[in-house]
Amino acid sequence: MRTLFTAHEPSAAFAISVAELNRHIAQVLASDPVLEDVSVRGEISNFKLHGSGHAYFSLKDEHAQIRCCLWRGNVSGLKFKPGDGNRVIASGKIEHYAARGETSFIVESLHFDGQGAQYEAFERLKAALAADGLFEQSRKKPLPVRPRRIGLISSETGAALHDFLSVLNRRWPLGEIVLVPALVQGVNAPSDLIRALTWAEALEEFDVVVVARGGGSAEDLWCFNDEALCRHAADFPVPLVSAVGHETDFTLFDFVADTRAATPTAAAEIITPDLRELLEELADIREYLRSSVAGTVQKAREKLDMLRSHRALTQPQSRIQEERERLKELEKRLYSHTKNDLERKQQALKSFQKQLRALDPERVLERGYAILLDPQSKVLSSASAAASHSEFTVKMHDGTLEVRVKNP
Amino acid sequence: MSELEELIAQLEDGQTPLEKSLQLVQRGRELCEQCEEILKTAELTLTQLTASAEGELIEEPLDWQQAADE
């Protein structure tokens, strides 16, 4: 390395010590604003947690790697358990450790890089749980309508509990809430949550159990993607509500629970009826009962009134009168019919008699006509019929004459 | 509430004789009052589940106001 201050030819007079060199390197690195606070994306390898509490590992990508130190104070602040192969974003500063001539990345915080290996593990587990049918709708238990005993698995401190309780107090003060404290983030959260679920299961008295946790980053909620926890939750015997995180954060726990609420507040609303609505409903029922009884009585009264005002009751004689008149009318009709019939027949008879008289041949004889009969008393009505006879009987109106033809 | 719901259904089916429905209405009114009383006077209770040294589960009352304020 040549600068304006170094000689063209290496010279012992200008040579510096290794310590001086490293100190210089350290100073240069320390004065660089970029290296003072930098975030680096990479994959963890050779992760070692020392007895001292500090953690050492390398951060690498395909082309390079750098040694990293995570001091004890920062290890305890981690929201997940780092392991080899994790893709992370590490933030901190670059330091040069003069004694060993090593440049290290002093990591202050370590975040999961969601799209990394762990994300792939998440997807794999999700597919496995789905294949086992743990997300099936048919497995989901319906929520109780009016829950009395409500189990709440949550941190004793934190907004989740506060939000949940205030909503319940407003909506459903009939609830008996049993808090089952549990860790809701960090490496030990999955096993602690399983312990809390087991406790809730042992009590056997819950109408519904809610697992609540306020929102957080992906790694805050990562414990809810634990396989053992999810499998345990899927087999939980009581309706289970997952109220983990915010609208946008889904965990596998959300999928295995019977119902998913976006937030603890939403969970409290989903599992309970609203007291005010119930009171309104009761008022409606009262009104219905009032109008129902009034309506029934009113209807019965109207029917009674109608019956009471019926003619059969008000004027019992009118029916008799009516029948009497009807009888009279029938009598009249019968009489008039008979009378008409008689007259008609008498007339017909008269007319027959008249006709009969008109046709009577005797009456014709009275007017001077005579009837010619042959010896067998048969009427001869033509000259040709008479020609074959020589003797005849002539019938007049007052007697008969026997005649003979003189000159046949 | 459940009894009340059943009672209403019975009243609504229109098959109930007058005397019986009057009884139902009377019972309904009593139930309404009871429910309202329960709803209006109810207070949220909060207990915390802990385990004793022997592993026995214990429920301890917790002041929810205080818990909520924490």
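Just so it is clear: chains get the letters A, B, ... in the order the sequence lines come, proteins before strands, and each one is counted from 1.
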Chain A contact via [X] - which portion, at a heavy-atom distance below 4.5 Å:
X       : answer
B:Gln26 : neither
B:Ile38 : both
B:Glu36 : both
B:Thr41 : neither

Could you measure the distance from the CZ atom of A:Arg72 to the CG atom of A:Leu49? Nearest 0.5 Å is fine.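 Reported to 0.5 Å precision, the distance equals 11.0 Å.
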With a 4.5 Å heavy-atom cut-off, do A:Leu143 and A:Asp258 have their side chains touching?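 Heavy-atom side-chain distance check fails, nothing below 4.5 Å.
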Pair count under 4.5 Å, heavy atoms only, with chain B: among A:Leu168, A:Leu152, A:Leu279, highest is A:Leu279
Looking only at A:Ile150, A:Val145, A:Leu203, the option with the highest number of non-hydrogen pairs under 4.5 Å against chain B is A:Leu203
Would you call [X] and [Y] a salt bridge, taking side-chain N to carboxylate O under 4.0 Å as the test?
X        : Y        : answer
A:Arg171 : A:Glu277 : no
A:Arg139 : A:Asp235 : yes
A:Glu302 : A:Lys299 : no

Measure [X] against the heavy atoms of chain B and call it side chain, backbone, both or neither at under 4.5 Å.
X        : value
A:Arg149 : side chain
A:Arg290 : both
A:Tyr288 : side chain

Verify, without hydrogens or angle tests, whether A:Trp172 (side chain) and A:Pro147 (backbone) share a donor-acceptor contact under 3.5 angstrom. yes
Considering all heavy atoms, the nearest A:Val210-A:Ala267 contact: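 Taking every non-hydrogen atom into account, CG1-CB, 4.0 Å.
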